[in-house]
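Below is one structure, written out as structure tokens, with a few remarks after it.
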Amino acid sequence: RATNVLSIEISGLAREALNGRYLRQEVQVQGCVTYWHEHKDSFLYWQRSKHQWAICDIANEPQVLQGQELGWVICTSQGPWMQFVDGKQGSWEYVEPYIVATTAGLRCPALELSGFSLSELNAVYIRKADVKVHQECTFWTASLKHFIYWHAPFKLWAI
């Protein structure tokens, strides 16, 4: 349950306001750490009884702190992500968001990625400050087969 993760960046969700960087906070829900959106309008928390992560908007914080398990996006411990999509009837659909987690406690700063269909991309990527692309450091898998770099023209990180 992500005890050494400092921040989680999520993109690719239908509900645009839920995309962005979530920072680890001291606020606990059901005894677990929470991650709050950088704009403080949503948060990511562990739903203990369902063994899944959920993203909830700030309007529902009181109910969540009282034990209700609410959320617009969920990720089970087995990995599939689902999001609630508004519409006439509203429904849950699978989604494959882009996720970058920044971790602590390693000798080199690292990122651990998961949730990709191509399983070999689900790995820890170690920062290599001396190998730069577009004047930014890169992150490499231990096998050196895959790396993450800053794609300056599109202003995004890419593998």
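If you're wondering where the values come from, they're calculated on a predicted model, not measured in any experiment.
Closest of all the heavy-atom pairs between Asn122 and Phe116 is OD1-N, 2.9 Å. A pairwise comparison of heavy atoms in Leu113 and Ile99 identifies CD2-O, 2.7 Å as the closest pair. Considering all non-hydrogen atoms of both residues, Leu65 and Gln28 come closest at CD2-O, 4.1 Å. Pairing each heavy atom of Pro62 with each of Ile58, the nearest pair is CD-O, 4.1 Å. When all heavy atoms of Trp157 and Glu136 are compared, the closest pair comes out as CH2-CB, 4.4 Å. In terms of heavy-atom proximity, Ile148 sits nearest to Ile159 at CG1-CG1, 3.8 Å.
In this structure, Trp92 CH2 and Gln83 CD are separated by 9.0 Å, a value rounded to the nearest 0.5 Å. Summarising the geometry, atom CD belonging to Gln68 is positioned 13.0 Å from atom CD belonging to Glu61; distances are rounded to the nearest 0.5 Å. Distance check, rounded to the nearest 0.5 Å: CD of Gln25 to NZ of Lys40 gives 4.0 Å. Between atom CD1 of residue Ile55 and atom CD1 of residue Ile10 there is a gap of 4.0 Å, rounded to the nearest 0.5 Å. One distance of note links OG of Ser91 with CE of Met82; it measures 8.5 Å at 0.5 Å rounding. Note that NE2 of His134 is 13.5 Å distant from NZ of Lys132, once rounded to the nearest 0.5 Å.
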In residues 12-23, what donor-acceptor pairs under 3.5 Å come from side-chain atoms, sequence neighbours left out?
from, atom 1, to, atom 2, distance (Å)
Arg15, NH2, Asp86, OD1, 3.1
Arg15, NH2, Asp86, OD2, 2.9
Asn19, OD1, Gly12, N, 3.1
Asn19, OD1, Leu13, N, 2.9
Asn19, ND2, Leu13, O, 3.2
Arg21, NE, Glu9, OE1, 3.2
Arg21, NH2, Glu9, OE1, 2.7
Tyr22, OH, Leu18, O, 2.6
Tyr22, OH, Ser42, OG, 3.1

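Hydrophobic clustering keeps Tyr35 apart from Val64 (ILVMFWY residues linked when any side-chain heavy atoms are closer than 4.5 Å, directly or through intermediates). Leu121 and Leu144 fall into different hydrophobic clusters, defined by Ile, Leu, Val, Met, Phe, Trp and Tyr side-chain heavy atoms under 4.5 Å apart, directly or through other members. The hydrophobic clustering, which links ILVMFWY residues whose side-chain heavy atoms are closer than 4.5 Å, places Val33 and Val27 apart. Note: the hydrophobic cluster containing Trp81 also contains Ile8 (ILVMFWY, side chain heavy atoms under 4.5 Å, direct or indirect links). Residues Val95 and Ile74 share a hydrophobic cluster, clusters being chains of Ile/Leu/Val/Met/Phe/Trp/Tyr side chains in contact below 4.5 Å.
Aromatic ring pairs are classed by plane angle as parallel below 30°, tilted from 30° to 60° and perpendicular above 60°; the pair Trp140 and Phe147 is parallel.
Shown here is Gln135, whose CD atom has no more than 12 heavy atoms of other residues, nucleotides or ligands within 6.0 Å.
Checked by atom type and distance alone, the side chain of Gln30 pairs as donor or acceptor with a backbone atom of Arg48 at under 3.5 Å.
There is a side-chain donor-acceptor pair under 3.5 Å between Tyr45 and Gln47.
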Please assess Arg24 against Trp36 for the test side chain to side chain contact (heavy atoms under 4.5 Å, CB included), listing each intermediate value before the final yes or no. CA-CA 7 Å; Arg24 183 183 173 136; Trp36 289 75; over 6 Å; no

